[in-house]
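Report on the following structure.
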Amino acid sequence: KSVRLDVDDHVTVILKVAKDGRIDTTFIPQDKQVEQYLKNNIEYLKVRFDEQNIAYSNISYKPYRQQRNNNKQGDKQ
């Protein structure tokens, strides 16, 4: 199971904890600036987890994708 955290309308964090206690974290930016920040700092975050002895299997981010206001699938009938 996963936990979704929406932070200040700028980023969503999806956290999963495996049975062995390791964390899988995926950041989903809500704008290009946050995506660039994550791109520049994801390795630093991994170092910080290591320094704090926090076991993780994955720390990553997804590319920013602007949300669409309409459903293109629903338009094709």
Side-chain angles (χ1 to χ4, degrees):
K1 293 185 178 184
S2 61
V3 174
R4 176 185 173 125
L5 303 170
D6 294 314
V7 182
D8 293 338
D9 294 329
H10 296 291
V11 67
T12 297
V13 182
I14 307 296
L15 292 171
K16 298 177 189 174
V17 180
K19 290 181 182 180
D20 65 2
R22 294 188 312 157
I23 297 172
D24 181 314
T25 306
T26 304
F27 295 89
I28 305 170
Q30 301 303 318
D31 62 48
K32 284 293 220 181
Q33 290 177 323
V34 174
E35 178 186 18
Q36 188 62 44
Y37 180 84
L38 289 167
K39 181 178 181 179
N40 293 339
N41 291 286
I42 204 80
E43 291 304 317
Y44 174 73
L45 184 57
K46 291 177 182 179
V47 168
R48 295 292 296 154
F49 270 53
D50 290 338
E51 289 174 351
Q52 298 296 317
N53 294 319
I54 300 171
Y56 63 91
S57 59
N58 180 54
I59 300 175
S60 62
Y61 71 95
K62 291 186 175 184
Y64 168 70
R65 291 195 316 188
Q66 189 171 7
Q67 294 182 359
R68 296 181 185 168
N69 291 333
N70 56 15
N71 183 348
K72 295 286 183 185
Q73 288 283 37
D75 294 342
K76 295 180 181 179
Q77 291 184 9

* To do: Report yes if the side chains of Val11 and Ile28 come closer than 4.5 Å at any heavy-atom pair, otherwise no.
  => no
* To do: Determine whether Ile14 and Ile59 fall in the same hydrophobic cluster, where Ile, Leu, Val, Met, Phe, Trp and Tyr are linked whenever their side-chain heavy atoms lie under 4.5 Å apart.
  => no
* Structure fact -> To the nearest 0.5 Å, atom NZ of Lys39 lies from atom CG of Asn41 at 12.5 Å
* **Leu5 side chain reached by Leu15 side chain, heavy atoms, under 4.5 Å** => yes
* To do: State the CG-OH distance between Leu38 and Tyr44, to the nearest 0.5 angstrom.
  => 14.5 Å
* Asked: Are Gln30 and Val34 side-chain neighbours, meaning at least one heavy-atom pair lies under 4.5 Å?
  -> no
* To do: Hey, could you give me the OG1/CZ distance between Thr12 and Phe27, rounded to the nearest 0.5 Å?
  => 11.0 Å
* Asked: Do Asp24 and Tyr56 have side-chain heavy atoms sitting under 4.5 Å apart?
  -> no
* Is Asp6 salt-bridged to Arg4, cutoff N-O under 4.0 Å? -> yes
* To do: Can you spot which of Gln36, Lys32, Gln33 makes a side-chain contact (heavy atoms from CB on, under 4.5 Å) with Tyr64?
  => Lys32
* **Heavy-atom check, side chain of Thr25 versus side chain of Asn58, under 4.5 Å** => no
* Just wondering, are more than 12 heavy atoms of other shown residues or ligands nearer than 6.0 Å to CG in Asn40? -> yes
* For residues Ser2 and Lys16, report the shortest heavy-atom separation together with the two atoms involved. => CB-CG, 3.5 Å
* Asked: Does OH belonging to Tyr37 count more than 12 external heavy atoms closer than 6.0 Å?
  -> no
* **Min side-chain heavy-atom separation Asp31-His10 under 4.5 Å** => yes
* **Ser57 side, atom OG; Ile23 side, atom CD1 - distance, nearest 0.5 Å** => 9.0 Å
* Structure fact -> On a heavy-atom basis, the closest approach of Pro63 and Pro29 is C-CG, 4.4 Å
* 4.5 Å side-chain heavy-atom contact, Val13 and Thr26 -> no
